[in-house]
Every structure is written in C-alpha cells, then in structure tokens.
Amino acid sequence: MSDTLQDKLDTLAGLLVDGSPHAVALGMKLVRVSPGEAVIRAPYQAESIGDPETGVMHGGVVTALLDHACGTAAFAGLGGDQAVATLDLRLDYMRPAKPGCDVIAEARTIKVSGLIAFVSAIAHDGDQNDPVATAHAAFMVTKASQAAAERARAEVEQHMASEKAGGAAS
Amino acid sequence: MNERLHKLQSSPYVSRMGVRFDDHGDELTAILPYDEWLIGNPLIPALHGGAIGAFMEITASAGLLAFTELAALPKPIDVAVDYLRPGKPQDVYARASITRQGSRVANVRVDAWQERRASPIASLHGHFLIKPIKSGD
C-alpha cells in the first residue's frame, strides 16, 4: 500500500464530512480533498433559509460550511493524521447567496507552522469570481482533538482490517 | 418579545437551530438547546464551530432587533469569531452588546458560554447592515 498523503486522504474522505453530524444535517458533501485543500458543497434547502421574504440562505449556514471546509483543508495541510480545532474564523459576507443555488466552499491552507495551520477560503454559488463570502481562519492541533484523531484512526484501521479479512474469506 | 424578534425566531434556519430568546428588561439572552445534530466532532465530542458561530450571529441580530426599531433583519457584513474552549454537548447561552450603532451599520460583540458566563467558549465581533425605521416614517 502506498503511503502518499493523497492516499491517506482518500481513505479518510468518507469521514471528513459524513463523520460530522452537523455537516451531515446541513446536507454538506465533500467535493474534493487534496493535500492542504478541500472543496465542500452545501445544498440550498428550505430549512436553511434565513429570511423568508427573500428566500436567502442564512449566513449561519455559510459560516458552518466555511468553517468545515477550512478545518478539512487544515487537517489535509497538517498531514492528514492530526485533528484540528478552530482558533479563529473571520468571515466577510460580500453578497447574499442566490436563492435556489447550492453554495460551494473552496479552502486552501496558506501555511502550516508547527501545530497551527492558516487557511483561507471562498464561498460561491457557481462562479468563483463572484464570491458570496470569504474566510480566513487559524486552526490548531489540540490535545483533545489529537486524542479524538487517534481513536478515529484506530477505528478506521480496525474497519479496514475486518474488510480485508472479509475479502480474503470470500 | 417584539414582532421583529419573533420573526427572526420563526425564520426556517433559526427555528431549526432551536434558538430561543429570554428577554428581561433591557437584557436579552439567546439559548441554543443542545441537540446531537449540533455536534461537529463526535469523537471528542464537541459542538461544531460553525454551529457556535451561526448561533452567535443569530444572537447579534436578536440584540439589534430587541432594542431598535428595524425595518428588516440585520445583514452581516463581516464577523470574527474567537474559539476559546471546546463546546461541550450541552446548551449554549449568548448575549450581545452593541458597541456602536449608526444609521446604516452597527458594531456588535457577542459572548457565548455554557457553565459559567465568566468562562466563555467563544466570542464574536462583527458589523451588521441595519435599516432603522426613522421616526415619522
């Protein structure tokens, strides 16, 4: 088995969004993850509307989407085996998202310094050059997140070992 | 609770978050009741940073709507959130204070806490676009 970071991220891809109840509840889908980068989509849904008069998605959904995309990019930037906690998240809301359109967040790790990753992201509803919002965030590997990551890794390894055993038996 | 605040509370996203407002005189506390779907990382377990951020944005809007006559819901221009402690799987409380309110823009700070108000789990400051109802309108 190859040990490249992309292989590791591909193995974990199913957990990065689907392993987070809040991300699942908002309907987020992982579009792509690569070393230091993540793209996640949040669908337009009736429960996400902030202002019924305009039908515009609530800024809070965009906040959660950008936080999740930035966190995933930070995880992928820190080598894919150290879970991270958000230190701070700064958001600029440039315009309302178009009613009926999904919002896509594209996050990129600018720099990793020790246990800290600096990430920036844009959220758009189809055109990258016309962002709905942008984000700048810092993430850190904390003791609590690290212990959680170790438990997750053990679970994934156990799952893979049992799949391998199942595959060999059939 | 005034009509605008009620409108905020009954908007689809805010009502789905389950946010409630408790207003006593000139103090308004927002409550985010704990639910499993607010969890970001089930292995710690910790509340999703995005859910805490969203709750504080709602609190900022509520703080503006509670004490000012506004013609529309406030719109966030920019917000900055500092995460101070992991959010435990329990209710979160938040209070907004309006640092400055002009005729179009308000500057708001929000603190969120769980067990003790003196140990906040997150704080937010941001600018919001507002449309005050002018006297005589």
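Reminder, nothing fancy here: chain letters follow the sequence lines and each chain counts from 1.
- With rounding to the nearest 0.5 angstrom, the CG atom of B:Leu124 is 11.0 Å from the CZ atom of A:Arg90.
- Environment of CD in B:Glu36: sparse, with no more than 12 heavy atoms of neighbouring residues, nucleotides or ligands closer than 6.0 Å.
- Residues B:Leu43 and B:Leu47 are members of separate hydrophobic clusters, defined by side-chain heavy-atom contacts under 4.5 angstrom among Ile, Leu, Val, Met, Phe, Trp and Tyr.
- Under a hydrophobic-cluster definition in which Ile, Leu, Val, Met, Phe, Trp and Tyr are linked whenever side-chain heavy atoms come within less than 4.5 Å, directly or via other members, B:Ile130 and B:Val110 are assigned to the same cluster.
- Interface summary for chain A: among B:Ala54, B:Gly49, B:Gly53, B:Gly40, the most heavy-atom pairs under 4.5 angstrom belong to B:Gly40.
- Under a cut-off of 6.0 angstrom, the local environment of CZ in A:Arg95 is crowded, with over 12 non-hydrogen atoms contributed by other residues, nucleotides or ligands.
- Considering only heavy atoms from C-beta on, A:Glu47 stays 4.5 Å or farther from B:Tyr13 through its side chain.
- For a residue to count as touching a neighbouring chain, one of its non-hydrogen atoms must lie under 4.5 Å from one of that chain's; by this rule B:Lys75 does not touch chain A.
- At a 4.5 Å heavy-atom cutoff, the contact between B:Leu73 and chain A is made by side-chain atoms alone.
- Atom CG of B:Asp78 and atom OH of A:Tyr93 lie 9.5 Å apart (nearest 0.5 Å).
- Both the backbone and the side chain of B:Pro76 come within contact range of chain A, judged by heavy atoms closer than 4.5 Å.
- Using a 4.5 Å heavy-atom cut-off against chain B, the contacting residues of residues 38-46 of chain A are A:Gln45, A:Ala46.
- One hydrophobic cluster, built from ILVMFWY side chains closer than 4.5 Å, holds both B:Val108 and B:Leu28.
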(request) Go through the steps for A:Leu89 and B:Tyr83 under the test side-chain contact (heavy atoms from CB on, under 4.5 Å), then give the verdict. (result) CA-CA 8 Å; A:Leu89 178 68; B:Tyr83 292 93; 4.1 Å; yes
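- Within residues 97-117 of chain A, no residue approaches chain B closer than 4.5 Å by heavy atoms.
- A distance of 14.0 Å separates OG1 in A:Thr142 from CZ in B:Arg85, rounded to the nearest 0.5 Å.
- Using a 4.5 Å cut-off between non-hydrogen atoms, the part of residues 25-33 of chain A that approaches chain B consists of A:Ala25, A:Leu26.
- The structure places CG of A:Asp88 at 10.0 Å from CG of B:Leu84, a figure rounded to the nearest 0.5 Å.
- Residues B:Leu38 and B:Ile31 do not share a hydrophobic cluster, clusters being chains of Ile/Leu/Val/Met/Phe/Trp/Tyr side chains in contact below 4.5 Å.
- Formation of a donor-acceptor pair under 3.5 Å by the A:His22 side chain with backbone atoms of B:Ile39 is not found in this model.
- Chain B forms more heavy-atom pairs under 4.5 Å with one residue of A:Val24, A:Asp92, A:Leu91 than with any other, namely A:Leu91.
- Under the 4.5 Å side-chain heavy-atom criterion for Ile, Leu, Val, Met, Phe, Trp and Tyr, B:Leu65 and B:Phe67 are members of the same hydrophobic cluster.
- Scanning residues 48-83 of chain A against chain B with a 4.5 Å non-hydrogen threshold yields A:Ser48, A:Ile49, A:Gly50, A:Asp51, A:Pro52, A:Glu53, A:His58, A:Gly59, A:Gly60, A:Val61, A:Thr63, A:Ala64, A:Asp67, A:His68, sorted by number.
- Taken from OG in A:Ser20 to CG in B:Asn41, the straight-line distance is 7.5 Å, to the nearest 0.5 Å.
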